[in-house]
Amino acid sequence: METETPVVSTTAPKATAEPDGSKIIFSSNRDGNFEIYEMYGDGSNQKRLTRNSTDDRHPAWSPDGSQIAFDSDRDDDGENFIKTSEIYVMDVDGTNQMRLTNSASSDFRPSWSPDSRKIVFVTERDGNNEIYVMDADGSNQMRLTNNRIAADTAPAWSPDGTKIAFYSTRDGNLEIYTMDPDGNNQTRLTYSDAWDVYPR
């Protein structure tokens, strides 16, 4: 059976909890396009944090609670059939939104390191989905995976900072892998005929 690679940049956004557990951030298209919102853990006091005519998705709290990383297609020039996105950060109240990546292709799905000093993300800048890491200010962007015909995506840092989990099509099916934060020791964890995706 031929494995179909999902279009990851258009998958449904996920909600993430604030480090102290009191709030949840999520994306919703309730106002016509995807924007980022927050609410208390019981669903009360829902508040919109971003306001753009294009989509803001995949929010992630920094472990120190000071910032939210997300991807946005607000900088797309409209020349491509599929919209491109970039990684942004903002303060937890939605202020001081700052663009971290500047690529002709999509950068998306940010995930923070436990010490809030680095962000791992997915990019299509090399012609397929690869995983990169950068400092929290967008500097020192470094490629971690290199599979020209496969998709490596949805990275998530381990709480102790020693591993990054992700999924990949490199072995012909969607399977879960881990690697060191510098991209070394990439190891397959699942062996299934089904799709194994979105590790956390």
Side-chain angles (χ1 to χ4, degrees), residues 6-78 82-103 106-124 129 131-138 153-159 161 164-167 195 197-200:
V7 182
V8 180
S9 57
T10 59
T11 56
K14 68 182 182 66
T16 59
E18 185 179 25
D20 69 4
S22 64
K23 292 182 180 178
I24 296 171
I25 50 172
F26 62 100
S27 293
S28 174
N29 64 356
R30 62 183 68 177
D31 292 307
N33 62 289
F34 279 107
E35 300 286 359
I36 296 173
Y37 294 77
E38 70 170 12
M39 63 182 172
Y40 288 118
D42 62 2
S44 64
N45 199 32
Q46 295 184 22
K47 185 172 77 170
R48 183 173 172 177
L49 298 181
T50 62
R51 295 182 179 276
N52 293 289
S53 59
T54 56
D55 292 333
D56 297 328
R57 297 167 303 232
H58 305 123
W61 289 101
S62 62
D64 65 9
S66 66
Q67 290 185 302
I68 296 169
F70 61 100
D71 59 69
S72 175
D73 59 19
R74 66 184 69 178
D75 300 298
D76 183 74
D77 58 15
I82 298 176
K83 287 188 174 182
T84 59
S85 58
E86 302 290 348
I87 305 294
Y88 278 73
V89 291
M90 63 182 171
D91 293 344
V92 294
D93 61 359
T95 60
N96 297 319
Q97 295 182 26
M98 181 176 67
R99 180 177 175 176
L100 299 185
T101 63
N102 187 6
S103 172
S106 284
D107 299 327
F108 53 99
R109 287 198 173 275
S111 176
W112 293 88
S113 63
D115 60 8
S116 300
R117 296 174 62 185
K118 293 185 179 294
I119 297 172
V120 67
F121 63 100
V122 182
T123 181
E124 296 173 346
N129 287 357
I131 297 172
Y132 276 62
V133 68
M134 62 183 168
D135 292 344
D137 63 0
T153 193
W157 231 296
S158 65
I164 295 171
F166 61 101
Y167 73 83
W195 286 5
V197 296
Y198 301 119
R200 288 292 178 269

With a 6.0 Å cut-off (strictly less than), is the heavy-atom count around CZ of R117, excluding the residue itself, greater than 12? no
In the structure I gave you, are the side-chain heavy atoms of T101 and M134 within less than 4.5 Å of one another anywhere? yes
Is there side-chain contact between L100 and M98, with at least one heavy-atom pair below 4.5 Å? yes
So, for A156 and P199, which heavy atoms are closest and what is the spacing to 0.1 Å? CB-O, 3.5 Å
Gap separating the CG atom of N33 from the CD atom of E35, nearest 0.5 angstrom: 4.5 Å
Quick one, E38 and I24 - any side-chain contact, counting heavy atoms below 4.5 Å? no
What is the distance from atom CZ of F166 to atom CD1 of I131, rounded to the nearest 0.5 Å? 5.0 Å
For I68, which of D91, T50, V92 qualifies under side-chain contact (heavy atoms from CB on, under 4.5 Å)? V92
Begin from the C-alpha positions of R48 and D31 and carry the test salt bridge (Lys or Arg N to Asp or Glu O under 4.0 Å) through to its verdict. CA-CA 10 Å; R48 183 173 172 177; D31 292 307; 3.3 Å; yes
If we ignore angles and hydrogens, is there a donor and acceptor under 3.5 Å between the side chains of D107 and Y88? no
Could you tell me the separation between the OH atom of Y37 and the NZ atom of K47, rounded to the nearest 0.5 Å? 13.0 Å
Within-4.5 Å side-chain heavy-atom neighbours: P155 and V122: yes
4.5 Å side-chain heavy-atom contact, S66 and S116: no
For S27 and H58 the tightest heavy-atom approach is OG-N, 3.7 Å
Scanning both residues in full, the closest heavy-atom pair of V89 with F70 reads C-CE2, 4.2 Å
Under a 3.5 Å threshold, yes or no: a donor from one side chain and an acceptor from the other, between T54 and N52? no
Nearest 0.5 Å, please: how far is CD1 in I119 from CZ in R109? 15.0 Å
Donor-acceptor pair between S62 and D64 side chains, under 3.5 angstrom: yes
Residue pair F34 / N29: nearest heavy atoms and the distance that separates them: CD2-N, 3.7 Å
Has the side chain of W112 got a donor or acceptor atom that lies under 3.5 Å from a matching backbone atom of A60? yes
Mind checking the OG-NZ spacing from S44 to K23? Nearest 0.5 Å is all I need. 10.0 Å
Taking the six-membered ring of F26, is the NZ or CZ of R57 close enough (under 6.0 Å from the centre) and on axis enough (within 45°)? no
Measure centre to centre between the rings of F108 and F121, then say whether the value is under 6.0 Å. no
Go through W61 and Q67 one step at a time and tell me if the side chain to side chain contact (heavy atoms under 4.5 Å, CB included) criterion holds. CA-CA 6 Å; W61 289 101; Q67 290 185 302; over 6 Å; no
Report yes or no: does S85 contribute a side-chain atom to a donor-acceptor pair with the main-chain N or O of D73 at less than 3.5 Å? no
Closer than 4.0 angstrom, basic N to acidic O: yes or no for R74 and D56? yes
Separation between CG of N45 and CE of M39, rounded to the nearest 0.5 Å: 11.0 Å
Should E86 and S72 count as side-chain neighbours, where that means a heavy-atom distance under 4.5 Å? no
